[in-house]
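Comments concern the structure below.
To find a chain, count down the sequence lines: A is the first, B the second, and so on, and within it residues start at 1.
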Amino acid sequence: MAAINAPRGTRDILPSESWKWSHIIKTASETMMDFGFSEVHLPIFEHTELFSRGVGETTDIVEKEMYTFNDRGGRSITLRPEATAGVMRAAIENNLCVQGASAKIWNWGPMFRHERPQKGRYRQFYQIDAECLGIASAMADVEVIALSIEIFRRLGLKNLEVVINSVGCEKCRPVYRQKLIDYFSSHKSELCETCLTRLERNPLRILDCKNESCGRVADNAPDIFDSLCSECREHFAEVRAGLERLGFTYTLNKRLVRGLDYYTKTAYEILSGDLGSQNAVAGGGRYDNLASAIGGGKIPGVGFACGLDRVALVMEQQGCSFGKMPNTDVYVASLGDDSRGAVQILTYELRKNNIRSECDTSGKSFKSQMKIAGTCKFACIIGADEIANNTVSVKNLSDGSQVNIPVNEAVNYLKENL
RNA sequence: GUGAGUGUAGCGCAAUUGGUUAGAGCUUCGGAUUGUGGUUCCGGCGGUUGAGGGUUCAAGUCCCUUCACUCACCCCA
């Protein structure tokens with residue numbers, strides 16, 4: 001019978017890699033706490049409507065990338081393609097932002113998009129996500145950007161580029177949108193096929209097109225900053241001032257357009273040159289219209305998502321430290337089958353006392369057990385002599401020294417010498 | 001969805017222009033005067049060469065199909 005393999009775009013994070021992920025999550029978690037963000041656990045699937053209304057009907061995500069199916073009750077369900085819509089839904093549903101209250105929450109977990117896999121892109125991928133809800137001030141934008149930068153700083157990532165832009169709000173974006181339509185309409189012959197459809201559905205996205213010809217046309221396109229309303233202009237200036245106040249360097253990219261409809265005002269990405277073509281390790285921005293789009297009234301928000309898979313990739317590439325690899329400290333070896341019971345008892349005793357211990361459970365020879373013990377710091381050896389005297393021989397495997405001590409002193413001895 | 005590249009042992013690889021029984025290394029397992037690991041030495045396990053078909057006296061090698069993986073486009077984390 002043919003073996004079954006993991007579906008395309010999914011993969012197994014095995015022990016050799018998972019401990020590195022744990023380090024990243026732990027670092028992110030500590031940083032989140034330092035910034036006043038609390039962790040939440042949310043559903044991995046939601047009603048399809050949440051994303052079609054929240055993320056936007058004409059976005060790539062909703063149009064062609066969602067894992068959508070009908071459940072047994074006939075409801076249309078979608079595996080979350082991104083985190084923000086779900087977070088906002090939860091905030092609304094649980095009244096986290098009523099009466100002027102705000103919420104700073106983070107979570108991490110798998111997201112799902114049906115795309116062709118490539119370097120740094122999977123169909124099931126993992127994001128660390130932080131959202132600051134209920135605060136309209138630019139200071140919140142700065143805080144969120146600073147948070148993402150701080151996580152990367154602690155992880156030791158190098159050569160990152162912070163790119164920011166403003167995409168306007170519901171007042172000024174339609175104005176800019178119309179300007180773009182007017183402009184690009186007079187250059188239709190120079191646009192690629194997909195951009196021609198974007199012209200009608202989402203003209204801002206033409207700015208982001210990497211097609212050479214479209215790029216040339218976009219170079220001379222109307223500047224978004226000329227169209228920003230005074231509020232958006234001021235907000236963006238405050239964000240920039242805040243970033244500079246904290247000493248961050250960033251670049252301005254007027255062509256940075258997020259693929260999700262809910263973004264307003266601030267949009268930003270953090271890029272790494274050590275990834276392949278998919279070079280964003282984090283991206284986010286402000287989304288003051290998301291709440292109303294999913295029926296939750298006016299709740300401003302700003303946040304970011306960070307690609308865990310990609311962060312791990314960059315760290316590996318740059319030789320960053322993942323901390324100490326977890327290892328067994330003590331191996332308890334049985335010399336002769338008669339001592340296997342005593343070995344099991346001692347091993348359990350060590351484990352109850354938080355000493356990372358291992359013993360053989362498969363009937364290996366003493367020699368084999370000692371071979372495995374070689375990767376540990378200490379070996380506890382129990383044979384006929386030890387049983388007779390109620391002792392254990394403890395061998396320091398780094399210098400080869402060995403002592404024979406009463407079994408009931410093993411825990412203290414090891415705790416003192418580990 | 002489109003394009004390009006790659007599929008040989010658990011892993012990374014080798015195999016003259018198509019030519020005997022597809023090979024080492026690492027890993028793993030076992031052993032080297034019966035109570036002591038890392039180094040060393042010896043040995044064992046391990047493959048329908050991704051799958052299917054075709055050309056040929058002969059295919060890991062050439063052709064077709066298919067599957068998988070990788071990278072890129074699109075877009076994003």
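Using the Watson-Crick or G-U wobble rule with both distances under 3.5 Å, B:rG44 pairs with B:rU28. Pairing partner, B:rU65: B:rA51, with both Watson-Crick or wobble hydrogen-bond distances short of 3.5 Å. Remark: B:rU33 base-pairs with no nucleotide in the shown strands. Criterion, Watson-Crick or G-U wobble with two distances under 3.5 Å. The partner of B:rG19 is B:rC57, judged by Watson-Crick or G-U wobble contacts that both fall below 3.5 Å. If you check B:rA4 for Watson-Crick or wobble pairing at under 3.5 angstrom, you find it paired to B:rU70.
Between A:E115 and A:R121 there is a salt bridge, since at least one side-chain N of the basic residue sits less than 4.0 Å from a carboxylate O of the acidic one. Salt-bridge formation is detected for the pair A:D141/A:R286: a Lys NZ or Arg NE/NH1/NH2 atom is positioned less than 4.0 Å from an Asp or Glu carboxylate oxygen. A salt bridge does not link A:E82 to A:R113: none of the charged nitrogens lies less than 4.0 Å from a carboxylate oxygen. For A:E238 and A:R233, the salt-bridge test fails: no basic side-chain N is under 4.0 Å from an acidic carboxylate O.
Here the side chain of A:I381 is nearest to one of B:rU36, B:rA77, B:rC73, namely B:rU36. Nearest nucleotide to the side chain of A:R116, out of B:rU2, B:rA77, B:rC74: B:rU2. When distances are taken from the side chain of A:S393 to each of B:rG35, B:rA77, B:rC73, the shortest belongs to B:rG35. The side chain of A:S277 sits closest to B:rC73 out of B:rC73, B:rU36, B:rA77.
Closest-nucleotide positions on RNA chain B for A:K119 and A:C306 were compared, and the one nearer the 5' end corresponds to A:K119. Two residues, A:G307 and A:N396, neighbour RNA chain B, and the one matched to the more 5' nucleotide by heavy-atom proximity is A:N396.
The same atom, P, is picked in B:rG44 and in B:rG23; the two are 14 Å apart, to the nearest Å. As rounded to the nearest Å, B:rC45 and B:rG12 have P atoms that lie 23 Å from one another. The P atoms of B:rG53 and B:rG60 are separated by 14 Å, rounded to the nearest whole Å. One P atom belongs to B:rU6, the other to B:rC64, and the distance between them is 13 Å to the nearest Å. When the P atom is used for both B:rU49 and B:rC11, the distance is 16 Å, rounded to whole Å. Nucleotides B:rC71 and B:rC13 have their P atoms positioned 15 Å apart, rounded to a whole Å. Comparing B:rG25 with B:rG43, their P atoms sit 10 Å apart, to the nearest whole Å. For the P atoms, the distance from B:rG52 to B:rA9 is 15 Å, rounded to whole Å.
Taking the six-membered ring for Trp, A:F225 and A:F236 have ring centres closer than 6.0 Å.
Taking atom CG of A:L275 as the reference point, atom C1' of B:rA72 lies 15 Å away to the nearest angstrom. Remark: P of B:rG38 and CD1 of A:I372 are 12 Å apart, rounded to the nearest angstrom. Here the C1' atom of nucleotide B:rG38 and the CG atom of A:D399 are 14 Å apart, to the nearest Å. We find that CG of A:L256 is positioned 13 Å from C1' of B:rA77, with the value rounded to whole Å. Rounding to whole angstrom units, CZ of residue A:R11 and C1' of B:rA77 are separated by 12 Å. Atoms OH (A:Y122) and P (B:rA68) sit 18 Å apart, rounded to a whole Å. What separates NZ of A:K371 from C1' of B:rC29 is a distance of 9 Å, to the nearest Å. Rounded to whole Å, atom C1' of B:rU36 lies 17 Å from atom NZ of A:K364.
Using a 4.0 Å heavy-atom criterion, one finds that A:R8 contacts the sugar-phosphate atoms exclusively. At a threshold of 4.0 angstrom between heavy atoms, the contacts of A:G120 include nucleobase atoms, whether or not backbone atoms are also involved. Within 4.0 Å (heavy atoms only), A:E386 reaches at least one base atom of the nucleic acid. Using a 4.0 Å heavy-atom criterion, one finds that A:A282 contacts the sugar-phosphate atoms exclusively. Counting any heavy atom pair closer than 4.0 Å across all strands shown, A:D385 reaches a base atom. Nucleic acid contact class of A:S368 (heavy atoms, under 4.0 Å, all strands): sugar-phosphate only. At a threshold of 4.0 angstrom between heavy atoms, the contacts of A:E115 include nucleobase atoms, whether or not backbone atoms are also involved. Note on A:T375: nothing from the nucleic acid sits closer than 4.0 angstrom, heavy atoms only. Residue contacts shown for A:G400 include a base, since a base heavy atom lies under 4.0 Å away. Residue contacts for A:F378: at a heavy-atom cut-off of 4.0 Å it reaches no nucleic acid atom on any strand shown.
Residue side chain A:R121 reaches the base of B:rC74 through a donor-acceptor N/O pair under 3.5 Å, judged by distance alone. Between the base of B:rG35 and the side chain of A:Q402 there is no donor-acceptor pair shorter than 3.5 Å. Within 3.5 Å, a donor on the side chain of A:K395 pairs with an acceptor on the base of B:rG37, or the reverse. Below the 3.5 angstrom threshold, one finds no donor paired with an acceptor across the side chain of A:E65 and the base of B:rC74.
Once the 5.5 Å centre distance and the 30° plane angle are applied, the aromatic ring of A:F366 is found not to be stacked with the base of B:rG35.
Side chain of A:S321 to main chain of A:G323: a donor-acceptor pair is present (N/O by atom type, distance under 3.5 Å, no hydrogens or angles).
Here the rule is side chain to side chain contact (heavy atoms under 4.5 Å, CB included) with A:S272, and of A:L313, A:N279, A:V281, A:V311 only A:V281 fits it.
Between A:L133 and A:Y287, the shortest heavy-atom contact is CD2-OH, 3.3 Å.
Phosphate contact (OP1/OP2 of B:rA72, side-chain N/O of A:Q118, threshold under 4.0 Å): present. Taking side-chain N and O atoms only, A:K367 has a distance below 4.0 Å to OP1 or OP2 of B:rG37.
Relative ring orientation between A:W19 and A:F322 is described as perpendicular, the plane-to-plane angle rising above 60° on a 0-90° scale split at 30° and 60°.
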